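Have a look at the structure below before the remarks.
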Amino acid sequence: MDLSIVIPVYNEEENVQELAFEVKEALEPSGLRWECLWIDDGSTDGTWDRLLDVAQGRSSGHHRLYGLERNTGQSAALWVGFQRCRGRLIATLDGDGQNDPRDLPRLVALLDHDGYDFVQGYRATRHDSLKRRIASRIANGFRNFFTGKSVRDVGCSTRVFRRECLPYLPPFKGLHRFLPTLAMYQGFRLTEMPVRHRPRRRGIAKYGIFDRLWVGILDLFGVWWLRRRGFRCRLARTYPKQEPL
């Protein structure tokens, strides 16, 4: 399997079927062997039923569904998906349709041809309210100040990375805000690429702007601690050279 796409969704019954169609349209011409993992984060509307329609449809072999028993948050949903991926590369998208799946083949090509480990998208033109853009800029500034790493738009969910990064992504509630930073801490090579950002076509945002801002700032202290207390090491030699399986 070349690519596993993890999409967390919460009460997105109006968007998931169209997004599934767009994923198929974007990836089929690429020649990539792909799968799409949908993580239903305790939806209370008809999201699960719409996902069943996707998984039982004509491209059913590409789609796998996982439903959490209650709403646990985006980080938990992503982590559940990460544990079940079969691809050599992992991609993420938001379930609201604002990320464009057509960007994924470009990000995959950059990983394959230029030797990067993690490609983080950034929204070249944002289609969000002024309040949401201001909150995002404040949060990005705090993150980069505390973590010592400059990622211009860590809030963008369009990203692709190698599965070798997975063991270094600890399960905690703010994980989705620090994916590229945590990978860089372990020496993985990161680059950024502009991606499309679309207006939300249906439904409403499920997370409050300033709730996310303050919680994200609190999480910074934990990631700062990881940076100060973390370590990296590589084996220089082993005996015997070929270890038994």
Side-chain angles (χ1 to χ4, degrees), residues 1-30 32-87 89-108 121 123 126-129 132 155-161 173 175-177 179 195-208 212:
M1 187 71 65
D2 294 310
L3 181 66
S4 296
I5 307 157
V6 180
I7 306 180
V9 290
Y10 176 56
N11 288 349
E12 295 288 358
E13 63 177 344
E14 298 174 289
N15 291 309
V16 292
Q17 288 180 303
E18 183 173 352
L19 180 56
F21 175 78
E22 290 181 332
V23 168
K24 176 176 178 288
E25 290 291 296
L27 292 176
E28 281 201 342
S30 70
L32 294 168
R33 295 171 298 166
W34 61 277
E35 63 177 357
C36 192
L37 287 72
W38 300 84
I39 317 300
D40 182 5
D41 186 20
S43 293
T44 56
D45 63 356
T47 295
W48 183 258
D49 292 332
R50 301 291 78 75
L51 288 174
L52 285 175
D53 292 338
V54 169
Q56 295 168 358
R58 295 177 61 184
S59 58
S60 57
H62 291 292
H63 298 277
R64 292 191 282 144
L65 316 180
Y66 300 92
L68 304 185
E69 65 179 0
R70 61 183 178 84
N71 179 236
T72 314
Q74 187 175 357
S75 290
L78 284 172
W79 192 82
V80 167
F82 292 161
Q83 307 314 301
R84 290 157 177 81
C85 290
R86 298 178 295 192
L89 303 177
I90 316 297
T92 68
L93 294 172
D94 274 342
D96 57 13
Q98 290 192 264
N99 302 145
D100 193 334
R102 291 177 296 173
D103 287 314
L104 294 182
R106 293 193 302 118
L107 272 63
V108 169
R123 293 164 285 192
R126 292 194 60 170
H127 294 278
D128 283 327
S129 68
R132 191 170 293 275
C156 177
S157 295
T158 307
R159 58 176 72 92
V160 179
F161 56 92
K173 288 185 177 180
L175 171 64
H176 67 281
R177 301 184 184 97
L179 289 170
V195 296
R196 302 174 184 90
H197 186 243
R198 307 182 292 192
R200 175 181 268 275
R201 291 168 287 192
R202 304 176 189 87
I204 59 173
K206 307 305 187 297
Y207 304 99
R212 290 192 301 177

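For clarity, every value in this text was computed on a predicted model and none was experimentally measured. Starting from 1, each residue takes its place in the sequence as its number.
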Under a 4.5 Å cut-off applied to non-hydrogen side-chain atoms, are [X] and [Y] in contact?
X	Y	answer
Ile39	Val6	yes
Arg196	Arg102	yes
Leu104	Leu93	yes
Asp100	Thr158	no
Ser4	Ile90	yes

Can you list every salt bridge (charged side-chain N to carboxylate O under 4.0 Å, His left out) pair that touches residues 2-11, not counting sequence neighbours?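 Sorted result for residues 2-11: Asp2-Arg33, Asp2-Arg88.
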
Take the angle between the ring planes of Trp34 and His63 and call it parallel below 30°, perpendicular above 60°, tilted in between. perpendicular

Derivation of the side chain to side chain contact (heavy atoms under 4.5 Å, CB included) call for Trp38 and Thr47: CA-CA 10 Å; Trp38 300 84; Thr47 295; over 6 Å; no

Shortest non-hydrogen contact between [X] and [Y], atoms and distance:
X	Y	value
Val160	Ala91	CG2-CB, 3.8 Å
Val54	Gln17	CG2-CG, 3.9 Å
Asp96	Gln98	OD1-N, 2.9 Å
Gly121	Cys156	O-CB, 3.4 Å

Distance in Å, [X] [atom1] paired with [Y] [atom2], rounded so as to fall on 0.5 Å steps:
X	Y	atom1	atom2	result
Ile7	Cys36	CD1	SG	3.5 Å
Asp45	Tyr10	CG	OH	8.5 Å
Glu12	Asp41	CD	CG	11.0 Å
Gln56	Leu65	CD	CG	8.5 Å

Taking [X] for the side chain and [Y] for the main chain, is one N or O donor matched with an acceptor at less than 3.5 Å?
X	Y	answer
Asn11	Thr44	yes
Ser157	Thr92	no
Asn71	Gly42	no
Asn99	Asp94	yes

I'd like to check the side chain to side chain contact (heavy atoms under 4.5 Å, CB included) partners of [X]; sequence neighbours left out, ordered by chain and number.
X	answer
Glu22	Glu18, Leu19, Pro101, Arg198, Arg201
Pro8	Gln74, Ala77, Leu78
Arg86	Met1, Glu35, Arg64

Start with the C-alpha distance between Val195 and Arg106, add both sets of side-chain angles, then the distance that settles side chain to side chain contact (heavy atoms under 4.5 Å, CB included), and finish with yes or no. CA-CA 9 Å; Val195 296; Arg106 293 193 302 118; 4.2 Å; yes

Can you list the residues that meet the ring pair (Phe, Tyr, Trp, His ring centres under 6.0 Å) rule with Phe82, with sequence neighbours excluded?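 Ring pair (Phe, Tyr, Trp, His ring centres under 6.0 Å) list for Phe82, sorted by chain: Phe161.
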
Return the set of residues passing side chain to side chain donor-acceptor pair (under 3.5 Å) with Ser75 (not counting sequence neighbours), or none when no residue passes. His176

Take Leu89 and Leu32 through the side chain to side chain contact (heavy atoms under 4.5 Å, CB included) test and state the conclusion after the steps. CA-CA 11 Å; Leu89 303 177; Leu32 294 168; over 6 Å; no

Intermediate values then yes/no, side chain to side chain contact (heavy atoms under 4.5 Å, CB included), Val9 and Leu51: CA-CA 10 Å; Val9 290; Leu51 288 174; 4.1 Å; yes

